[in-house]
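Scroll down for the structure; my scribbles are underneath it.
Just follow the structure's listing: the first ligand is 1, and inside any ligand the first atom is 1.
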Amino acid sequence: MTHSSDFQFDDLQGLLRFGHGRLRDSCFLLLNVADQAAAKQWLGGAPITRAIQTSPPPKTALQIAFSVAGLRALGLKESVIRDFSDEFISGMSGNESRSRRLGDVGANAPEYWEWGGNNQQVPHMLLLLYAEPGKIAAWRKKVETKLFVKAFQLLAQLPTQDIGDIEPFGFVDGISQPNIDWAAQQTLDSHQRDSFSNLLAVGEVVLGYRNEYKQYTVRPLIDPGSDPGAAELPPAEEQPELKDFARNGSYLVLRQLGQDVPGFWQFLDNVSGGDAAQREQLAASMVGRRRDGSPLLPPASAAIPGIAADDHLNRFNYLPDPGGTRCPIGAHVRRANPRTGDMPSVSGCFFSRLLKILGFGLKRYDEDLIASTRFHRLLRRGRAYGPLLTPEQAVKADAPVAERGLQFICLVANISRQFEFVQNAWVVNGKFAGLQQERDPLLAHRQPLNDGTPTDQFHRPDAAGPTQTVAHLPQFISVRGGAYFFMPGLSAIRYLAALPHQGDPSS
Ligand code: HEM
C-alpha cells in the first residue's frame, strides 16, 4: 500500500493540497506574456509554492496557471497542445452551445463579461498570490521584480476580500471537499463501491494518475526522442517511454460570480413577511445548510469513507431524506453533491441488488436519476470579494449596494465530466432528480424552458403538509468573467521555461 508520504508532493503546486486558508489575504492577477524570453527567464526561477508540508507553514504563497493562449505564447508546440482536452483548448466562452450548457445566457452571456468574454482576449496567465493578513502588498512587490514587469503585461487585478470564513450571502463556505486519496487506500473497483465515499482517486484532480474509472485521463505525452528538452519531465505512468507534460498538473476553472446580497435577503424577507426566523429557514433550505454551516440532516449512523467520525458538519448523506423534507432536493449543496453511490439506495439481499442492477424494482422514479457522484467531484478553492454586509443590514431598503461576489475556483482533471457536468446537469438544468420547473435557487439564471415553462420556482417539501412553493425567484448571481486554465506541475513549468524561443507572444 502507498502512504501519502510516498506521494511526490514536491512537483505539485500547493493549491492542490492546501486551500491556503491561513493566508487570508489574496491577490489574483490576469497577465499576458509581453516578452517571451523574459517570461521564460522569470518562470525558470519563480517562487512557486509546492504541496509539501513545512514547519513553520509558509507566510506567503504563489501559484501559476496558463490558458491555452498562454501556453502558445510561451512557444509550446501545437503537437503537444492538441492532446489537452477540447474544453480547455476551445475555452469557457466563444461557443454558443457551451455557453447555453453552462447557463451563460441572458445577463450571464459572455458578451457582458468584464473579462474572458466573447471578443475579449483570454488572459495568458493567472497568478494567484496569498499572504498572511496585512502582508499581501509586500508579497506582491517582492514577486513583481524588474524582470517580471518586463515579461508580463497586467490585464486586470481581480477583486478579492477577506470577509472571514463566509461567502458574501453570509453562509460559512469551504466546508465540504473531496478527501484526495493520496495514499491510494481505496479500491477503484465499481463492484465494491456501492455507496457514497468522500475519498477520491488522485486522478480526479491531478493528471497523470488513475481516476475513478481506473483510467489515465488523456493528456499531452511527449516522445523524448523527438524533443530532448522533455527529459526534464517525469515519465508517463502507463507509458514510461513517453514523458508526461501534464503529470502533477490540474485544470483550474475560474468564474467571477457577482452576488446581489441586498437582492437575495430582501426577496427572502419579503416572502417571509418580514419574519427573521422564517427568512433564515428559507435561506438555509435554499443553500442546504444553515448560515453557521451546520447541515440540515443528522449525522449518518454508518461511517462514510473519507469523512472523520467527529466531522459533524460533513458526516451525512441524503439517504434518510428521500423526499427532501429536511433538505430540499433542489438545495444548492444537494444539487452540487447529491452524495450518491454507484447504486441507488443500496440495501437488502443479493436478489434485490440484482433487481436494482437490472433497473427493476424502483419505488420512486427519481431513485435512478442522479449519476454516481464520484465521477463529478470538484476541489473548490474560491475567494470572496466585496465589503461585508450582514443579512440584518442587507434587508434594509437603504442597504449599501456594492460589487460583491465569489472568485469561484475549482480544480479538476476533466473539465467536461466534472465542472461542466455539475454546472449543467445539476445546477442549471430545469429538470433534476425528479424536480421540474426549478434550477439551483442560489446560482442559476431563471430563463423559462424552450416551451415557455417557467423555471423561477423553488419547492420545499414539508413532512407535515403540502409542498411549499416559492415563486418568481429573481436571479441572485451573475457571471462577470471566466476562463479555463491549466496549472502545471513544477517540472512542466521548468520545461516551459526552457523551450526554445518561438514566434510572437502576442499572437
Ligand atoms: C457565488 C456563487 C456560489 C455561492 C454563494 C456558493 C455557496 C455555497 C455554500 C454556502 C456552500 C456550503 C458550504 C460548503 O459545503 O463548503 C457550497 C457548497 C458547494 N458548492 Fe457552492 N456556491 C457558489 C458557486 C458554486 C459553483 C459555481 C459550483 C459548481 C458548479 C458550486 C459547487 C459547490 C459544491 C460542490 C459544494 C459542496 C457540496 C457538498 O459537497 O456538500 N458552488 N456553496
Provide, to 0.1 Å, the distance between atom 39 (C) of ligand 1 and the closest protein heavy atom, together with that atom's residue and name.
Ser176 OG, 3.2 Å

Aromatic rings Phe169 and Phe476: how do their planes relate, parallel, tilted or perpendicular, breaks at 30° and 60°?
perpendicular

Just to verify, what does Lys431 make a salt bridge (charged side-chain N to carboxylate O under 4.0 Å, His left out) with, not counting sequence neighbours?
none

Which bit of Val172 is near ligand 1, meaning a heavy atom under 4.0 Å away: side chain, backbone, both or neither?
backbone

Measuring from atom CG of Asn314 to atom CD1 of Ile304, what distance do you get when rounded to the nearest 0.5 angstrom?
8.5 Å

Can you tell me if Glu96 has over 12 outside heavy atoms packed within less than 6.0 Å of its CD?
no

How far is atom 10 (C) of ligand 1 from the closest protein heavy atom, and which atom is that?
Phe171 CB, 3.6 Å

Of all residues at least two apart in sequence or in a different chain, which pass the ring pair (Phe, Tyr, Trp, His ring centres under 6.0 Å) check with Phe486?
Phe84, Tyr251

Under 4.0 Å to a heavy atom of Leu378 - the qualifying atoms of ligand 1, by number:
29 (C)

Protein N/O/S neighbour count - atom 21 (Fe) of ligand 1, strictly under 2.8 Å
1

Arg255 near ligand 1, heavy-atom distance under 4.0 Å?
no

Report, in ascending order of atom number, the atoms of ligand 1 lying under 4.0 Å from any heavy atom of Gln423.
27 (C), 30 (C)

Which bit of Ile477 is near ligand 1, meaning a heavy atom under 4.0 Å away: side chain, backbone, both or neither?
side chain

Could you list all the salt bridge (charged side-chain N to carboxylate O under 4.0 Å, His left out) pairs where at least one residue sits in residues 164-187, not counting sequence neighbours?
Arg24-Asp165, Asp173-Arg380

Ligand 1 atoms in contact with Arg339 (distance to a heavy atom under 4.0 Å):
39 (C), 40 (O), 41 (O)

Centroid separation Tyr130 to Phe18 less than 6.0 Å:
no

Report, in ascending order of atom number, the atoms of ligand 1 lying under 4.0 Å from any heavy atom of Gln259.
1 (C), 5 (C)

Closest non-hydrogen protein atom to atom 38 (C) of ligand 1, residue and atom name please, with distance?
Asn337 CB, 3.7 Å

Salt bridge or not between Arg98 and Glu87? Use side-chain N to carboxylate O under 4.0 Å.
no

Give a yes/no verdict on a cation-pi contact between Arg17 and Phe9, requiring under 6.0 Å between NZ or CZ and the six-membered ring centre and an angle within 45° of the axis.
yes

One thing to verify: whether Arg460 and Glu438 come together as a salt bridge, which I'm taking to mean a side-chain N less than 4.0 angstrom from a carboxylate O.
no

In terms of atom number and element, which parts of ligand 1 are under 4.0 angstrom from non-hydrogen atoms of Gly174?
14 (C), 16 (O)

Hey, is Gly405 one of the residues with a heavy atom under 4.0 angstrom from ligand 1?
no

Looking only at non-hydrogen atoms, which of Leu406, Ile175, Leu313 approaches atom 16 (O) of ligand 1 most closely?
Ile175

Whether Tyr318 and Phe316 hold their rings parallel, tilted or perpendicular, with breakpoints at 30° and 60°
perpendicular

Arg377 and Glu212 ion-paired at < 4.0 Å:
no

